Amino acid sequence: MNEALKTALNEARALAEAARTAAEAGNPEAARRLLAELDAMREECAGGNAAASASRAKTLRIEAEALALLDTAQPEADEGAAEAAPLPAPEQPVPAEVEPVAVNEAPLPEVVPVALPAPTKARAPRGTAPAHSLSADEWSRVAAALRAQGADIGTLDAETERFTAQMEQARIERNTFRARVMERQALQARLEAAALRGDLDAANAAWDRLFDVVTAIRSLEGTHRRKTGQADPEKAAAYDAAREASLKVRRWARGVDAAA
């Protein structure tokens, strides 16, 4: 087993273990982010000898445990759910009028200041993952690859609007899976248009959200497969398309297959 493959396998196992830890700690958002990173490493972990196969099998078992924990956790609230209204402040009693009290003109005793302890540094929640983002150079390479393909900002903007409208309709129909698929396509078009414009903030915002949506599509597909014992061709195809689109952006960002 070469060193590059060994390193990739170790990183994949670490991501799977971190995802399981996050799921156990009740942090599904972080768990899904880590699983998305793990999924993006599949190609890097391919091949090798028997030891590599054993390492992949162990990672898959840990990943399955993390997914099982996510499946049994409380279902994710719909994006359209209203936020809980704040509780009204308790009514304060009206103070009764009191007679004025004569003020003692004697000087007040000197108050000795008490030193307060220094505030402790806040710790990041356990199992959280940083936002996914690409550098300016990486987005520049993505934009170059899109231009080589003849991508057009106007067309991408129109696709963003069309897929967003379809996502909203799917939400009205309570079709969670279709809503996710449409959101994924809208985000893909949005980040590509942002890359062509050079709008790094918009591109990274769409890229970060895309990881959550692709992970959700994968989770829904996996849940159906585990419950029924067989794959749903439509769900499997939707996940494969989502995964390939994300891998394409990663390859472009590294300057690989720029003309593909």
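Predicted model only: the values in this text are computed from it and were never measured.
- In this structure the side chain of L34 never reaches within 4.5 angstrom of the side chain of R20, judged on heavy atoms.
- Taking the side chain as every heavy atom from C-beta outward, L191 and L210 approach each other to under 4.5 Å.
- Minimum interatomic distance between A31 and A19 (heavy atoms only, all atoms of both residues): CB-O, 3.6 Å.
- For the atom pair CD (E192) and OG1 (T160), the distance works out to 9.0 Å, reported to the nearest 0.5 Å.
- In terms of heavy atoms, L196 sits closest to A143 at CD2-O, 3.7 Å.
- Here the CE atom belonging to M182 is positioned 9.5 Å from the CG atom belonging to N175, to the nearest 0.5 angstrom.
- Taking all atoms of both residues into account, the shortest heavy-atom contact from R171 to A179 is CG-CB, 3.8 Å.
- Taking a cutoff of 4.0 Å between a charged side-chain nitrogen and a carboxylate oxygen, E244 and R251 qualify as a salt bridge.
- Note on L200: it clusters hydrophobically with V142, by side-chain heavy-atom contacts below 4.5 Å among ILVMFWY residues.
- When hydrophobic clusters are built by joining Ile, Leu, Val, Met, Phe, Trp and Tyr residues whose side-chain heavy atoms come closer than 4.5 Å, directly or via intermediates, I153 is grouped together with V249.
- When atom types are taken as modelled, the side chain of T21 and the backbone of E17 share a donor-acceptor pair closer than 3.5 angstrom.
- Listed by chain and number, the residues in a side-chain contact (heavy atoms from CB on, under 4.5 Å) with A202 are A194, D199 (sequence neighbours excluded).
- Taking both residues in full, the closest heavy atoms of F177 and A238 are given as CZ-CB, 3.7 Å, listed atom of the first, atom of the second, then distance.
- Side-chain heavy atoms closer than 4.5 Å link hydrophobic residues (I, L, V, M, F, W, Y) into clusters, and following such links, possibly through other members, connects L187 to I217.
- Classification of R33 and D208 as a salt-bridged pair holds, one side-chain N sitting under 4.0 Å from a carboxylate O.
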Practice prompt. Apply salt bridge (charged side-chain N to carboxylate O under 4.0 Å, His left out) to the pair D240 and K235, showing each step before the final yes or no.
Written response: CA-CA 9 Å; D240 288 342; K235 287 182 170 61; over 6 Å; no
Worksheet item: side-chain contact (heavy atoms from CB on, under 4.5 Å) between R254 and R141: does it pass, once the steps are laid out?
Response: CA-CA 7 Å; R254 298 196 304 265; R141 288 192 284 269; 5.7 Å; no
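- In terms of heavy atoms, A195 sits closest to W139 at CB-CE3, 3.8 Å.
- A side-chain donor-acceptor contact under 3.5 Å links N10 to the backbone of K6.
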Practice prompt. Please test R209 against E183 for salt bridge (charged side-chain N to carboxylate O under 4.0 Å, His left out), starting from the C-alpha separation and ending with a verdict.
Written response: CA-CA 10 Å; R209 175 61 183 165; E183 184 181 5; 2.9 Å; yes
Practice prompt. Could you please spell out the steps behind the side-chain contact (heavy atoms from CB on, under 4.5 Å) verdict for L156 and Q188?
Written response: CA-CA 9 Å; L156 291 168; Q188 187 72 32; over 6 Å; no
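- The structure places CD1 of I172 at 10.5 Å from CE of M167, a figure rounded to the nearest 0.5 Å.
- Between A231 and E221 the shortest heavy-atom distance is CB-OE2, 4.3 Å.
- Counting non-hydrogen atoms of neighbouring residues, nucleotides and ligands closer than 6.0 angstrom, the CD atom of E234 reaches no more than 12 such neighbours.
- Taking OG1 of T215 as the start and CZ of R180 as the end, the distance is 9.5 Å to the nearest 0.5 Å.
- Remark: side-chain polar atoms of S55 are not paired, donor with acceptor, to backbone N or O of A51 under 3.5 angstrom.
- Remark: the backbone N or O of L134 is paired with a side-chain donor or acceptor of N204 at under 3.5 angstrom.
- To the nearest 0.5 angstrom, W207 atom CH2 is 5.0 Å from S246 atom OG.
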Worksheet entry | Verdict with reasoning, L9 to T59, per side-chain contact (heavy atoms from CB on, under 4.5 Å) | CA-CA 8 Å; L9 290 170; T59 299; over 6 Å; no
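- The side-chain heavy atoms of W252 and L146, taken from C-beta on, include a pair separated by under 4.5 Å.
- Note that CG of L220 is 11.0 Å distant from CG of D232, once rounded to the nearest 0.5 Å.
- The side-chain heavy atoms of F163 and Q166, taken from C-beta on, include a pair separated by under 4.5 Å.
- For the pair Q185 and E159, the minimum side-chain heavy-atom distance is 4.5 Å or more.
- Side chains of R56 and S53: a donor-acceptor N/O pair is present below 3.5 angstrom, by distance only.
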